[in-house]
Every structure is written in C-alpha cells, then in structure tokens.
Amino acid sequence: MARYSFKDVEPKWQSVWETKGIFKTPKAPKKKFYVLEMFPYPSGDLHVGHLKNYVIGDVVARYKKLHGYDILHPMGFDAFGLPAENAAIERNVSPGDWTYGNIETYKKTMSLLGLSYDWDREVVTCREDYYRWTQHIFQLLFDNGLAYRKKAFVNWCNDCQTVLANEQVENGVCYRHGTPVTKKNLEQWFLKITEFADDLLADMDQLSNWPESVKKQQVDWIGKSLGVEIQFQQPELNQKLTVFTTRPDTIYGVTFVSISPEQPLVEEIKKLVTPEQKKGIEAYQVLSKAKTEIERTSTGEKTGIYSGLDLIHPLTGKKVPLWIGDYVLATYGTGIVMGVPAHDERDFAFAKKYDLPIVLVIQDPKNNLTAETMENAFTDEGIMINTPGYDGKSSEEFIVAIAERIEKEGFGKKTINYRLRDWLISRQRYWGAPIPMIHCAKCGVVKDPSLPVRLPSEKNVQLKPQGKTPLETDESWINTTCPTCGGPAKRDADTMDTFMCSSWYYLRYSDNKNSESIFDSDIANMWLPVDQYIGGAEHAVLHLLYSRFITKALHRIGLINFTEPFHNLFTQGMVTMFSPKTGKLEKMSKSKGNVVPVGEFVKEWGADTGRVMILFAAPPERDFEWTNEGVAGANRFLNRIWAFVTDNLDLLEKTEFKSRFEIKELDPVSFKIYQKTHQTVKKVTDDLGDFKFNTAVAAFMELMNELNKTDRALLESNQLYREVIKHCTVRFLEVFTPIAPHISEELLSQLGFDGTVFERGWPSFHQEATISDTITLVIQVNGKLRGNIEVPRDSSEETVKELSISNEQVQKFLTGLSIVKIIVIPNKLVNIVAK
RNA sequence: GCCGAGAUGUUGGAAUAGGUAGACAAGAGGGACUUAAAAUCCCUUGGCUGCUAACAGCCGUGCGGGUUCGAUUCCCGCUCUCGGUACCA
C-alpha cells in the first residue's frame, strides 16, 4: 500500500510556500488578523512538548488566511536571561554565542514543521537593534514619572544572585530555583505599575475572550481592597499612628496595635523607650530580618515584642499597647494594623500567645460566643455588642456608619489599598539590557543620551557573581562622563528584568526594522492589538500583566491608540509524558528526562503526523500525554487518506472538478457522501474557529471512513458518481489544510490543482445538502428508549403520534397500559407517558 | 485554609437552550492476507442476566437527595482529583 511520503512532500511544499511568499505580511492590510504565539527562550533544542503552542498558532493563522484575512504571524526570541549566563560560566562560552547558536537550532527545527511564520518580522531581544528600544522605553517611563529609584526591602535569590520582582516569588521561593528568598535593603529601579492598578482591573471587560482563570489570577494579584484608615494618637511621640483596616466595624474590639519591624516609625519609637526596651526591639528586628520569606509568611506562630509605648483609642480614649510584630507587612497598607483578637485569626493567635485581652464586639447569631471560651476568631458578619449606640444592630449596618463617623470626626478616612506593588526591574546580572542611566555626583541620575548603551564584552567582566554586579567589574565601561556636566560619572551597573524585554515585543513585530524609532505609531495602530494570542497559563501574572501595563503606559505617553495588547487569549495545556526519573507523568522537559526531540520525530514521522497527534489527542486547553500509540494512530489516519486518493487517482485525476451539485440530480449513494462532506465542512468551519481541534479531526476521520466505502466498480462506470467523489475528496483536503497542510496540498496538486490552497481560499458549504429530508425519530415509553422510526422532516405532531403508537416495538410496552400523554419534540423524539 | 476547574468504558475523549450516553481514536480479542512477522483490511469490545446465538431485559456519566414525561446536562448537600493562592489586616 502506498504510504504518505512525507520526506519528499513536506520539504517540497515548504519551499513552494516560501518561494511564492504565501506567508509574507502584506504592507497595507484590508482585513487584518494578528496571530501570535508567546515567543520562546532559546535554551537548547526543541522537543515535541514545545510544539503544541506553535501548532495551535499555525492552525489559526492558516485558517484565517484561508478566510481571506491579511495575516501578521511573526516569531522571535526572548533571548536575554540567566541560562545563557550560567552556560557561559559553566562552559566558558560567550553568552551571545550560546544564545545565537540556540536560535539557529530553533529556527532550523521550526522550519521542519512548515510553520507559517514571516521570518522577515523576527525580533531577538538580545540584539542591539531591539534592546536599544527596550532602553528607550525605560527612558520614556522615566521622563513620564513611571520609573523611579527607591531604597526598599527587596527579594533576593541567592541562586540567581540577584533581586526579584514580587511576581517572581512564589510562595516565598524563587520561581526559577525554588530556593528560599531573603530580604535585602537596596536602592533599585521600580516601574510604577501600581499607577495603573485600577485600569488593569477595569479594562478586563475588554478581555472577554481571556480564560476566566487568568483574569481572576490577575484580579487577585492586584488585590484591590476597600477599607478605612484610622489614626491612633501616640502622646510621647506626639504623632498619630495610622492603621488600615477593612473591618472598621470591629473598632471597639481593638485591644492592641501592631507595627511591622521594618516600618520607619519604629526607629522613632526606639528613641523614646528605655535602653533595655530599645535593645529588645533591635534584637527582634535582627531576628525578623534573618528569616526567609517562607518563615515570615507561613501562617504558623506569630512573634512580637511590646514596644514600650501605648496609643490612645480614638473612640474610647483608653490606652492600647503598641506591639511590634513581623506578621505585619511593612509594604502593605500603612505597615500598622489594629489588633482585634476576637474577629481576626492572626490577631487572635497573637493575643493568645502574648496573653492580650480579647473583646467580643460582634456576636455570632448561631452561637453564643464569649471572649473567654472562643477558640477561634469570629470573622463573619453578625450582631454588634459592646459597641456604644449600636448594640443589637447588624455589623453590615455598623460598618457603613462607623466609616462615615470616622471621616466626619476627622480621625481617619476611607481608603483603597492594593496588594500589587511597583515592579522592581533591576537585576544584578550580565546578560540583559543595561539600564540606560548615568549616576553623577553633581547632577544626580540622568539619562544616557546615546542609545543603545551596549553591554560590555563578557571578556571584560567578571561573570561569576562575587558581591558585585558583573557590569561593575568592567572599569572602562562603568566609568563614564556625565552627559549634563561633563564630569566623571558612573553608569547604572544593573540590567533590566528580562520580562521588560518581553513586555513589548508584540509591538515591535509590527515595524521590526525601524531604525529611526521604536515603531511607527500608524503601523502599530494598524496591526494591533493582537487578535489572537496563544501561550501558557503560567504567565498569568508575569508576562501578561507586565505587557498590559507597558501597553497602558505607552498609550498614556501617546505612542499607541489602544489600551489592551491582546484581545483574545488562548492558554494551551501542557504536554506530559512518563518520566523515568520521577516515575510519573510530568510536563515534558529535559530535566525530567522525558523529551522527544522535534528533529528526530520529524525524521521518523513527518510534521503532519505530529500536528494531527497534537490536535487530536485532547482539547487544546487541556494537558495531554504524549504516547507512541497516539502518534501511530495519527500516522495511520494520514496513510488512509493518502491511500484513498492515490488508489483512485487514475480515475479522479482526469475527472472534471465541479464545485457544486444540484441535490435533485444526485442518486441516493452520491447524495449520502455529498451530504456527509458538506456536514463535515460545516462542522470543521465551526470547530476550527472555536479551538475545537480534536472534534474537527474526529469529523475528518468520520468522513474518511465514509469515503473509504467508495465503490470502485461504480466509480469506474458512473461519471456522476465519479464527479461527486472527486468533489468530496477535494473539499475534504481543502478544509484539512490548516491541520495537515503538506499532505493536503500534495494530494490536491495530484488531483490536478495548480498553485496552493492558500491562493484559492476556504470553500463554503452547501447549506441545503447538510440537512436531511427524513430524520430518525426516537420513541420512548415512560422515558425509556423503545424504538425509532424514519419520518419526513417536519412531520406534523398528529402523524408522528399515530406512527409512534402503532409502532410494533412500542406496542409491546404499551399492552396493559393506558396512555396518559404524549410529548413530541419536533424532529427529535416522542415520549409516550403511560400507566 | 481560601478561590477556581473538573470527575463519563480498559485508556484519551464525544454528546449539555434537558431529549438515542459512550462519536472519533487508542488498547484488547477474533478473523483475512503472508512460509512467517510487520504493515494493511474485516468483525467484536460499558457491566450484569437469560446455558449458546440472533435477540431480549435490567443497571450504568464520582456519592446522596430534588425538579421533570425525560437529567451526564438544572438545583441542594457531600467525596475525591487537579490547578491557583498563601499572615494583604
């Protein structure tokens, strides 16, 4: 049997598309469609697990192309980053050589797959012609007050030897290494993402085609919460300490106040207390600082120390002790919280440990709680008690009233707080875009006017971190002159977080060769926003949030006229395979020892087999397991198609192709296959547009199973039948192109078509042919299936009822029963209710 | 702990404006072709019962209830699995 000869066919069509420039981006799109897959970090070789993202993008691009859209479908490389630097340290190679070598390998491998990229649009973030614009964006942000320096306690990963953004710390550990993160007090660059917190929330209504889970993760990350700031007077300091709370209704339950050990006021406090107390506080500060992020944030034991000072409760006028506790975060709210043990879990634990009083102010309507006997804080709404003027009222009512009163009496105000913090982008590493700023003793921090600020050669720097940032170790690079006063000055020694490079690349694709400006605004506005973005959900609060922020910032600055970069987002599931190292299913990755390299795979099976395998295995948003059986099944299907066409090619090739048949002229056998074909075209048109690739492939399989029943003798003798079979075969292949483009193009060409499908477009389906004249009506008795009958479409209810009752099969179940009623669902089913 | 998503044959999965559960595959079993194997093609394949068969009946979409002529689909209450998150006051 003839087998699909992918070794000849696939390179042939890849070169046809290339020569004809089928996937080149049009200059002036009439009906634009921008498809984008998240670009990769080139870290070695591609394996089939990487493929899913690209295959999905390719199906979308080809499908839209066939529908007449002008497509922008680019690819590039997120090429700055730690692995290159680590490889350089370990193997003594240049990070650039290592990276560019990997990029070559990636591109070569991608080319085996026939992906429809326009490589003229490529961007590589580590190239000067790209990172000079990353630096340009940084300076734009600086000019607009969106980039600033500040000294702060920041996350430090000892493995990375650099600071990390909050988004890069997961559960107290580094997102890359899984090692505990500690805090360092450093002066660093921050980007003001918090300024857009509300926009980032509000504009989510533009993102109706984003997965709910991704949007929700962003909402949680931004963490907007409405509350009240309340001031507590401190007599010795002669200052008011401000706390933030979302539960002002518990104000009469305050029995202490807690301040974070890093809160600046603690330094003032130390000046006022006894030397002994001061020593205690300092010891506690050292203790807290030494803790890792996990120890600090785990919900276990709370520690603290009495500050030596007391505050005045603004409503009761009574004294409440001020404690220092590291369960209070210095970076959230005011860094000071009011302690209400009865109604907050953390305060409860703290009060129990240090034997602080508990005052119940909200009673649980279901239980009769007392401060002495309660074992947990009661955090729900309830009935106010111990609250002058409001006892017996609901806490929902009081929370509104007390907020009003606090504002009116001037000891506090309603406030909104966010969990989101500004984005720390300084990195103490080499392989990144240098921060294009100069530090001058006289003029302060000034912009370097000559971009790009090139990375020094790795030969001149000390790559291995030794307490200094690598760029600092190149004396001739770090020392420069101040562009303002001409005096001696130093460059900024840090590079930017690589997420900064990837937060705007989708813009650069629209005008990637522009050497005069970051991009032409008209061109960017023409192609963007991205119509379909495809990638992994793991970027929910990293790349996707940063990109949204940069888009909003550039919009405010006036470079672009849109506020959201990605209108539709599809997040694909991962590819798993059994890992001999861990003994279970794992995401395909080199470290787990469960990879199938793309090069080897394509050599053995061809690109189209891989595509079908990936698309058929499971719905694309779900994880799926890579199996040999799955690959073999996909390959078998392609061979069946190949065999069907080539076996009948002698007859079909010379048969005239007719694009449409009149239903009346078709005999039942011809009509049956014609109908199935058009039903399939319809289903596939819907499914592919809706990311239901697995059911689309199933539909193709069904149609192929029908085509395989073609009567060879009839095909030889009957011209009409021959024409119909040719028509159906051609339609099958045309709509199969997005999924398996090589085999489809080849067989269409063998069937006598010139050029490529992408020059001809997507076929419409014959609407009337997709509907049947007769339908199978299901008959139930008391809800149980008892038979079925063939009836003309849209038969009257009366006819259907009579036919059902008189049906032989059904009769058996009606003997001895009397019919109560008959339910008829037109063209679907009849249910006879009998007793 | 909290917040999401999910649970369907041996396996991946299909079918939800409520209407034939298991499409399409994979695996397994049987057969054809072959000296043989692979490949390919054909048949069977949710469970139980009726000795066998065509056939017929009953049960069956995580568990327990409910609404309905009819529930994988809707409602209530559980269990488990997978993600996200983790002192944010």
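Scope of the values below: all heavy atoms of this structure, side chains included, with no hydrogens, waters or symmetry mates. Letters go in sequence order (proteins before strands), and every chain restarts at 1.
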Fill in: ring pair (Phe, Tyr, Trp, His ring centres under 6.0 Å) between A:Phe6 and A:Trp605, intermediate numbers included
CA-CA 8 Å; A:Phe6 63 86; A:Trp605 297 99; 8.4 Å; no
Item to complete: Could you go through the ring pair (Phe, Tyr, Trp, His ring centres under 6.0 Å) check for A:Trp423 and A:Phe190 one step at a time?
Response: CA-CA 5 Å; A:Trp423 177 14; A:Phe190 289 85; over 10 Å; no
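- Taking only distance into account, the side chain of A:Lys216 never meets the base of B:rC3 through a donor-acceptor pair shorter than 3.5 Å.
- In terms of phosphate contacts, A:Arg636 brings no side-chain nitrogen or oxygen within less than 4.0 Å of OP1 or OP2 of B:rA39.
- OP1 or OP2 of B:rA14 lies within a sub-4.0 Å distance of a side-chain N or O belonging to A:Asn694.
- At a threshold of 4.0 angstrom between heavy atoms, the contacts of A:Arg786 are confined to the sugar-phosphate backbone, with no base atom among them.
- Taking side-chain N and O atoms only, A:Lys587 has no distance below 4.0 Å to OP1 or OP2 of B:rG83.
- The backbone N or O of A:Arg419 sits less than 3.5 Å from a side-chain atom of A:Arg421, completing a donor-acceptor pair.
- For the pair A:Asn708 CG and B:rU40 P, the computed distance is 13 Å after rounding to whole Å.
- Distance check on atom C1': B:rA37 versus B:rG47 gives 36 Å, rounded to whole Å.
- Distances shorter than 4.0 Å separate none of the side-chain N or O atoms of A:Tyr327 from OP1 or OP2 on B:rA89.
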Item to complete: Carefully, step by step, assess A:Leu777 and A:Asn788 under the rule side chain to side chain contact (heavy atoms under 4.5 Å, CB included).
Response: CA-CA 5 Å; A:Leu777 203 64; A:Asn788 54 58; over 6 Å; no
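- Considering all non-hydrogen atoms of both residues, A:Asp326 and A:Tyr284 come closest at N-OH, 2.8 Å.
- We find that CZ of A:Phe700 is positioned 16 Å from C1' of B:rA23, with the value rounded to whole Å.
- A gap of 13 Å separates the P atoms of B:rA39 and B:rG29, to the nearest Å.
- With a cut-off of 3.5 Å on both pairing distances, the Watson-Crick and G-U wobble pairs of RNA chain B assemble into stems of 3 or more at B:1-7 with B:79-85, B:10-12 with B:24-26, B:27-32 with B:40-45, B:46-50 with B:55-59, B:62-66 with B:74-78.
- The distance between atom CG of A:Asn782 and atom P of B:rC58, rounded to the nearest whole Å, is 11 Å.
- In this structure, A:Arg3 forms no cation-pi arrangement with A:Trp642, as its terminal cationic atom is not both closer than 6.0 Å to the ring centre and no more than 45° off the ring axis.
- Near-neighbour residues of RNA chain B inside residues 821-831 of chain A, defined by a heavy atom below 4.0 Å, number-ordered: A:Lys821, A:Ile823, A:Ile825, A:Lys828, A:Leu829, A:Asn831.
- A:Val833 comes within contact range of the sugar-phosphate backbone alone, with a heavy-atom separation under 4.0 Å but no base atom that close.
- A distance of about 34 Å separates the C1' atoms of B:rU67 and B:rG84, rounded to the whole Å.
- Here A:Gln780 lies in heavy-atom contact (under 4.0 Å) with a base.
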Taking only nitrogen or oxygen atoms into account, show me every contact under 3.5 Å that the protein makes with nucleotides 71-76 of chain B, one pair per line with its distance.
none

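- Going from the P atom of B:rA38 to that of B:rG31 covers 13 Å, rounded to whole Å.
- One atom, NZ of A:Lys683, and another, C1' of B:rA23, lie 9 Å apart when rounded to the nearest Å.
- Taking only side-chain nitrogens and oxygens, A:Ser225 comes nearer than 4.0 Å to OP1 or OP2 of B:rA89.
- A:Arg622 has a side-chain polar atom (N or O) that falls below the 4.0 Å cut-off from OP1 or OP2 of B:rA14.
- In this structure, A:Lys414 places its NZ atom where more than 12 heavy-atom neighbours from other residues, nucleotides or ligands lie under 6.0 Å away.
- Rounded to whole Å, the distance from CD on A:Glu604 to C1' on B:rA39 is 15 Å.
- For B:rA89, the OP1/OP2 oxygens have no side-chain nitrogen or oxygen of A:Arg419 closer than 4.0 Å.
- Residue A:Gly633 is in sugar-phosphate contact alone, with no base atom involved, counting any heavy-atom pair closer than 4.0 Å across all strands shown.
- As judged by a 4.0 angstrom heavy-atom cut-off over every strand, A:Val328 is placed among the base-contacting residues.
- Here A:Phe616 lies in heavy-atom contact (under 4.0 Å) with a base.
- For the pair A:Arg640 CZ and B:rC24 P, the computed distance is 11 Å after rounding to whole Å.
- Note on A:Asn705: only backbone sugar-phosphate atoms sit closer than 4.0 angstrom, heavy atoms only; bases stay farther off.
- More than 12 heavy atoms of other residues, nucleotides or ligands sit less than 6.0 Å from atom NZ of A:Lys801.
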Worksheet entry | Step-by-step ring pair (Phe, Tyr, Trp, His ring centres under 6.0 Å) determination, A:Phe693 to A:Phe616 | CA-CA 7 Å; A:Phe693 307 125; A:Phe616 182 59; over 10 Å; no
